[in-house]
K.L.:
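Supplied in structure tokens, the structure appears directly below.
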There are 2 protein chains.
Amino acid sequence: MSLKHALLGFLNYHPYTGYDLKAIFDRSVQHFWAADQSQIYRTLGQIAEAGWAEIEVVTQTERPDRKLYHITEAGRRELKAWLTSPVPVERPHSAPMVMVFFAGLLSNEEALPLFEQAVAYAEGALAQYDTAPAVIAEYQQEIGSEREAYFWNLTLELGRKTAEAQLAWAQGVVAALTSDEIPTDQEGAAP
Amino acid sequence: MSLKHALLGFLNYHPYTGYDLKAIFDRSVQHFWAADQSQIYRTLGQIAEAGWAEIEVVTQTERPDRKLYHITEAGRRELKAWLTSPVPVERPHSAPMVMVFFAGLLSNEEALPLFEQAVAYAEGALAQYDTAPAVIAEYQQEIGSEREAYFWNLTLELGRKTAEAQLAWAQGVVAALTSDEIPTDQEGAAP
DNA sequence: AGCATATATATGAAAACTCATATAAGGAGG
DNA sequence: CCTCCTTATATGAGTTTTCATATATATGCT
């Protein structure tokens, strides 16, 4: 899995806690990697066990102690090795597309919400892409270089293009569904 | 998970064996749902246990007996209920994008293969989309209606648009990388 | 006063997925 | 002749992911 490597990628910039990393994920790479909290903590444990990071416990009196993960040389090597290894072949698992595939079973009225939700989802994604560059600029000042930011932006570009394609597609289907342009299988249906 | 429902979707057309379904998945919905063989058999078991399908054993002498799964009324209800339920929010997990995000760590030469592989992948996907309509036409004759085929094609359309966007994106990055248009972080680098 | 939110970590249990392997026989191609 | 592919089902073992829940305190909002 590459959650390990995504975490390593951030730890390579700076030591972070699990809590920090959850926030970072939600703000920056959510569009291509959504990690849940428990998974982050567990994976951080594995990273430490593998010797890719060392834990610095920062004692706090009023809150639970923070566990800062510092990447090790072995961790940096692992990250770089992964980055230069063959790109894993994605196995897509898209439930929404399964729904579309079998939507012919439904009436147009029943199928509509599927595509309306797709429109809403794509619009939401696009809205996030509007605010993302500011987040990147912020991180760039903190830890990143111009070069890093270039590649961060590349992921945004593709995400945006994809979301735009999805939006146009879903809007087209909504239009077709509401204007009854779709075959209904009643033999002798309006041509 | 919606492998259950994807399987149910096909069983709704016709009774199939696990072996059949594996072949069908690989030929028709692979672009948005890649299921592996062992997972299909296990899930089929769950479907039968849930009462969504009944098993007809077709005895064969020279080969293992076939187990044909016939969808039940309960299975049809479940399928339709799922199809009209809220679209699940996708949690994207794209390892290739994680690689791109952290590719700034690599030199241009080291980063190149990442995008070359993306180009090759997108070209491969596009080639599959070229042959897919023929597969759909074939299935349509067997089991599908014009309406069903309409929705099948919708998934292809979005898949193709997405693959095209990916290809253009990856080709652009390859061009930028090979012409050294990318920031290098050597302070005082060529402006 | 009460309630939600932010800070911070962690586990139990289950579901889902992957990878390798097993069995068994016929047919195709080199 | 031998190897690979197709037909057909199945399990063991492990990894990854999800979902719910637990603990503890401070702050801000209504």
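All values reported here derive from a predicted model rather than from experimental measurement. Numbered from 1 within each chain, the chains take letters A, B, ... in sequence-line order.
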K.L.:
May I have the distance from B:Asp20 (atom CG) to D:dT9 (atom C1'), rounded to whole angstrom?
P.N.:
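Distance, rounded to whole Å: 12 Å.
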K.L.:
Output side-chain donor-acceptor pairs under 3.5 Å for residues 22-29 of chain A, partner residues at least two apart or in another chain, one line each.
P.N.:
{"residue": "A:Lys22", "atom": "NZ", "partner": "A:Asp26", "partner atom": "OD1", "Å": "3.2"}
{"residue": "A:Lys22", "atom": "NZ", "partner": "A:Asp26", "partner atom": "OD2", "Å": "3.3"}
{"residue": "A:Lys22", "atom": "NZ", "partner": "A:Ala35", "partner atom": "O", "Å": "3.0"}
{"residue": "A:Arg27", "atom": "NH1", "partner": "A:Glu138", "partner atom": "OE2", "Å": "3.4"}
{"residue": "A:Arg27", "atom": "NH2", "partner": "A:Glu138", "partner atom": "OE1", "Å": "3.3"}
{"residue": "A:Ser28", "atom": "OG", "partner": "A:Ile24", "partner atom": "O", "Å": "2.8"}

K.L.:
Using a cut-off of 4.0 Å between protein heavy atoms and nucleotide atoms, how would you tag nucleotides 22-27 of chain D 5' to 3' with B, S and -?
P.N.:
---BS-
K.L.:
Among D:dT9, D:dC19, C:dA16, which nucleotide has an atom closest to any side-chain atom of B:Met1?
P.N.:
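For B:Met1, the side-chain atoms sit closest to C:dA16.
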K.L.:
With a 3.5 Å cut-off and heavy atoms only, can you find an N or O donor on one side and an acceptor on the other between the side chain of A:Arg42 and the base of D:dT18?
P.N.:
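Looking at the base of D:dT18, it does pair with a donor or acceptor on the side chain of A:Arg42 (distance under 3.5 Å).
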K.L.:
So which nucleotide from D:dT9, C:dA16, D:dT18 ends up closest to the side chain of B:Arg66?
P.N.:
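Shortest atom-to-atom distance from the side chain points to D:dT9.
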K.L.:
Any side-chain donor-acceptor pair under 3.5 Å between A:Glu142 and A:His14?
P.N.:
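Short answer, no.
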K.L.:
Specify the angle, to 10°, made by the local axes at the two ends of the helix from C:dA1-D:dT30 to C:dG30-D:dC1 when five pairs are taken at each end.
P.N.:
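For the helix from C:dA1-D:dT30 to C:dG30-D:dC1, the axes at either end differ by 40°.
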K.L.:
Would you kindly give the CG-to-C1' distance between B:Asp36 and C:dC19, to the nearest whole Å?
P.N.:
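Those two atoms, CG and C1', are 8 Å apart.
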K.L.:
Just checking, is any N or O donor in the side chain of A:Glu148 or A:Tyr13 under 3.5 Å from an acceptor N or O on the other one?
P.N.:
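A:Tyr13 and A:Glu148 do have a side-chain donor-acceptor pair below 3.5 Å.
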K.L.:
Contact class for B:Lys22 vs. all strands (heavy atom < 4.0 Å): base, sugar-phosphate, or nothing?
P.N.:
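The residue B:Lys22 makes no contact with any strand.
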K.L.:
Between the base of C:dC19 and the side chain of B:Ser38, is one N or O donor paired with an acceptor at under 3.5 angstrom?
P.N.:
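Answer is yes: a donor-acceptor pair is held.
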K.L.:
Verify the distance criterion only: is there a donor paired with an acceptor across the side chains of A:His93 and B:Glu90 at less than 3.5 Å?
P.N.:
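Side chains of A:His93 and B:Glu90: no pair found under 3.5 Å.
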K.L.:
Quick one about A:His70 and A:Glu56 (side-chain donor to acceptor, distance below 3.5 Å, no hydrogens or angles considered), yes or no?
P.N.:
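Yes.
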K.L.:
Tell me yes or no: between the side chains of A:Ser107 and A:Glu110, is some donor less than 3.5 Å from an acceptor?
P.N.:
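The answer is yes; a qualifying pair exists.
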